[in-house]
Amino acid sequence: MLEQFEGAATIEKVASLCRRRAFVFPSSDIYGGLGSSFDFGHYGVLLNDNVKGEWRRSLIQERDDVVALDSAIILNPEVWVASGHVAGFSDPLVDCRTCKLRFRADQLEQSACGKRPSKHPGEIPDCDLTEPREFNLMFETFVGPVREDASRAFLRPETAQGIFVNFKNITSSMRVKPPFGIAQIGKSFRNEITPGNFLFRMREFEQMEMEFFVPPAEAEEWHRYWVEARRRWHLDLGLRESHLRVRPHELSELSHYSSATSDIEYLYPIGWLELEGVANRGDYDLRQHSEASGTTLEWIGHEERYVPYVIEPAISVVRATLAFLCDAYDEEVVADRPRTLLRLHPRLAPVKAAVLPLIGKDTAMVEQARGLYEDLRKSMSAEYDDAAAIGKRYRRQDEIGTPWALTIDEQTLDDGTITLRDRDTLQQERIPLDGAKRLLLDKLEQPWQPRA
Ligand code: GAP
């Protein structure tokens, strides 16, 4: 098992590229930021959208047993009582009477004193810690104009509960029958005590969750199926196999709702950490909501009636995006000049193709290039760039991970061919301008070898 990240990325280098190239900005930057809040710039939005698109493609579009949902962020507060989050969604917290910082009691080894930080993680030299107490992670708010207990509500800490409370709506309106899934992407909020490590732990993040309802006797088999299916998804989108491992939870680690969970962990440059969780939630949630709401939530077939078990793969967009960025980040020297690039899977890349007239002032070249660009962008995200030397334009596209550059030059005007430059191999080949769009669309469909 690897202990060290293989590759050129560090969290600092990835964060710096993300800022320089408009992927991610610190939030409320001009006011000094806000702990672990980030804003996504143009390329970050496109990359996140592609991550979500690939998740939807594999879970909804390419299957016929999963349907979509988009539920509200603020639900009836009774949902969170029944789900166990009001009583149980908490971390043990300790305060330091000296430096006034708060730490997670179960993660002191990652903490540092606010007054006298130690070079050695886990040594908090001058700290005088209180006894641990439970700190609920849900953000509270009030619905309506009166700030009183009766109007208290929560921002959802997981999207899953919106799915469970819609179980009856969906089984009675869609043609579904266990085993079937309900998939949802949306914002979740957690008042994390120790956020940090760039995008890894945020207080506001988008989750991609799917609740897969199965006959109880099939739950273990489906749990194994989804762990492997989700692991495959990450591999197919380019993560190195040596950077992925599956770790079953110890009993003491299980969430209040889970009877078994396996984490798909990724070897981030800061170590092995949870990328995605795949839980067997049993019939916990449907039973809790049946009891609390008085509405029976069960599957009623022709000859059978039961409360399904639930298998849940759950991941946040940011943890996936951060893993894809770390795996893709590379540095090399080409012709004595350093090159930084993102070897992103073409389907994840924010921009698929850059169209570049070799000489930006040549009217005939510009005209051909604009024509190609305007045609391409109807089918894929593309960029046109005629400013600066061609080498500089290539480097900029390398840094944002654009897999293909199409260059229009003198020869194009003679014979209608253009140059196709490959980001990873730097190989250039001449292809007919006319067939360029079809060629790229075909390439986007093909399996991709990141480091072939
Ligand atoms: N519905 C189950 C659930 O929410 P979880 O393990 O608490 O389970 C699921 O969260 C996934 O959400 C994690 O595997 C991780 O990808 C992501 N996640 C959780 N907390 C996060 C945070 N503070 N910042 C970013 N992503 C987070």
Side-chain angles (χ1 to χ4, degrees), residues 11 24 27 34-38 40 48 51-52 55 69 71 73 75 79-80 83-85 88-91 104 107 110 135-139 154-165 181-212 223 226-227 230-231 233-234 239 244-249 253-266 268 270 272-282 284-286 288 310-326:
I11 290 288
V24 182
S27 185
L34 174 70
S36 279
S37 265
F38 292 94
F40 289 91
N48 284 342
V51 170
K52 288 183 270 186
W55 189 86
L69 178 74
S71 69
I73 286 174
L75 304 177
V79 169
W80 304 107
S83 70
H85 284 80
F89 193 58
S90 55
D91 281 339
R104 267 178 69 165
Q107 289 183 359
Q110 293 161 25
F135 173 77
N136 196 295
L137 299 179
M138 283 195 293
F139 278 101
F154 304 98
L155 304 188
R156 66 180 174 200
E158 61 170 9
T159 62
Q161 296 304 324
I163 296 180
F164 297 127
V165 299
I182 305 174
Q184 142 152 270
I185 298 180
K187 279 253 166 124
S188 291
F189 302 81
R190 296 182 189 181
N191 200 358
E192 300 278 3
I193 302 167
T194 49
N197 283 326
F198 190 38
L199 301 177
F200 184 78
R201 195 178 301 285
M202 293 168 58
R203 294 200 168 100
E204 181 186 331
F205 52 96
E206 265 182 305
Q207 282 189 311
M208 307 189 282
E209 299 199 289
M210 198 256 300
E211 310 303 317
F212 199 74
H223 188 222
W226 279 111
V227 171
R230 295 299 305 145
R231 196 181 78 91
W233 184 82
H234 295 286
L239 293 189
L244 281 177
R245 73 179 183 194
V246 175
R247 191 182 67 81
H249 276 206
E253 286 178 88
L254 291 177
S255 311
H256 61 271
Y257 50 74
S258 171
S259 44
T261 295
S262 288
D263 284 347
I264 300 176
E265 293 188 332
Y266 174 71
Y268 291 92
I270 41 177
W272 286 105
L273 291 166
E274 176 183 346
L275 168 62
E276 170 154 9
V278 186
N280 177 352
R281 295 180 77 125
Y284 173 84
D285 302 274
L286 291 182
Q288 289 290 107
V310 174
I311 307 302
E312 175 201 62
I315 182 171
S316 63
V317 177
V318 275
R319 285 211 190 159
T321 292
L322 183 59
F324 289 127
L325 284 170
C326 291

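Numbering starts at 1 and runs along the sequence shown. Note that ligands are numbered from 1 as they come in the structure, with each ligand's atoms numbered from 1 the same way.
Not a single N or O atom of Arg203, backbone or side chain, sits closer than 3.5 Å to an N or O atom of ligand 1. Considering backbone and side-chain N/O of Arg190, one or more are found under 3.5 Å from N/O of ligand 1. Not a single N or O atom of Pro157, backbone or side chain, sits closer than 3.5 Å to an N or O atom of ligand 1. Residue contacts with ligand 1: Met202 is placed with a nitrogen or oxygen under 3.5 Å of a nitrogen or oxygen of the ligand (distance criterion only).
Counting the atoms of ligand 1 from 1 in the order shown, those under 4.0 Å from a heavy atom of Tyr257 are 2 (C), 3 (C), 8 (O). If you number the atoms of ligand 1 from 1 as listed, the ones under 4.0 Å from a heavy atom of Glu312 come out as 1 (N), 2 (C). Taking every heavy atom of Glu192 and a limit of under 4.0 angstrom, the matching atoms of ligand 1 come to 20 (N), 22 (C), 23 (N). Set against the non-hydrogen atoms of Gly277, the atoms of ligand 1 under 4.0 Å away are 14 (O). Less than 4.0 angstrom separates some heavy atom of Glu158 from each of these atoms of ligand 1: 1 (N), 2 (C), 3 (C), 4 (O).
Distances from ligand 1 to the non-hydrogen atoms of Arg281 include at least one value under 4.0 Å. Heavy atoms of Phe89 come nearer than 4.0 angstrom to ligand 1 in no pair at all.
Salt-bridge formation is detected for the pair Arg247/Glu253: a Lys NZ or Arg NE/NH1/NH2 atom is positioned less than 4.0 Å from an Asp or Glu carboxylate oxygen. Salt-bridge annotation for Arg203 and Glu192: absent, with no side-chain N of the basic residue lying under 4.0 Å from a carboxylate O of the acidic one. Under 4.0 Å is where a charged nitrogen must lie from a carboxylate oxygen, and between Lys52 and Glu206 at least one such pair does. Contact check on Lys187 versus Glu204 returns a salt bridge, with a Lys/Arg side-chain nitrogen under 4.0 Å from an Asp/Glu carboxylate oxygen.
Considering only heavy atoms from C-beta on, Tyr266 stays 4.5 Å or farther from Glu276 through its side chain. Residues Arg230 and Trp55 have side chains in contact (heavy-atom distance under 4.5 Å, counting atoms from C-beta outward).
Of all protein heavy atoms, the one closest to atom 25 (C) of ligand 1 is Phe200 O, 3.3 Å. Of the protein's non-hydrogen atoms, Ala314 O, 3.6 Å is the one closest to atom 11 (C) of ligand 1. Protein heavy atom in closest approach to atom 13 (C) of ligand 1: Glu274 OE2, 3.2 Å. Counting protein heavy atoms only, atom 21 (C) of ligand 1 is closest to Phe205 CZ, 3.4 Å. In terms of protein heavy-atom proximity, atom 26 (N) of ligand 1 is closest to Ser316 OG, 2.8 Å. The nearest heavy-atom contact from the protein to atom 9 (C) of ligand 1 is Gln207 NE2, 3.5 Å. In this structure, the protein non-hydrogen atom closest to atom 15 (C) of ligand 1 is Arg319 NH1, 3.4 Å. Of the protein's heavy atoms, Glu209 OE2, 3.5 Å lies nearest to atom 3 (C) of ligand 1.
Counted by atom type alone, Ser83 and Gln288 present zero donor-acceptor pairs between their side chains at under 3.5 Å. Remark: the Asn48 side chain and the Thr321 side chain contain an N/O donor-acceptor pair separated by less than 3.5 Å. No side-chain donor-acceptor contact under 3.5 Å links Gln207 and Ser316.
When heavy-atom distances to ligand 1 are checked against a 4.0 Å cut-off, Leu275 comes that close only through its backbone atoms N, CA, C and O.
Closest of all the heavy-atom pairs between Pro157 and Phe89 is CB-CE2, 3.5 Å.
No donor-acceptor pair closer than 3.5 Å links the side chain of Arg281 to the backbone N or O of Glu312.
Aromatic ring orientation, Tyr257 versus Tyr284: tilted (interplanar angle from 30° to 60°).
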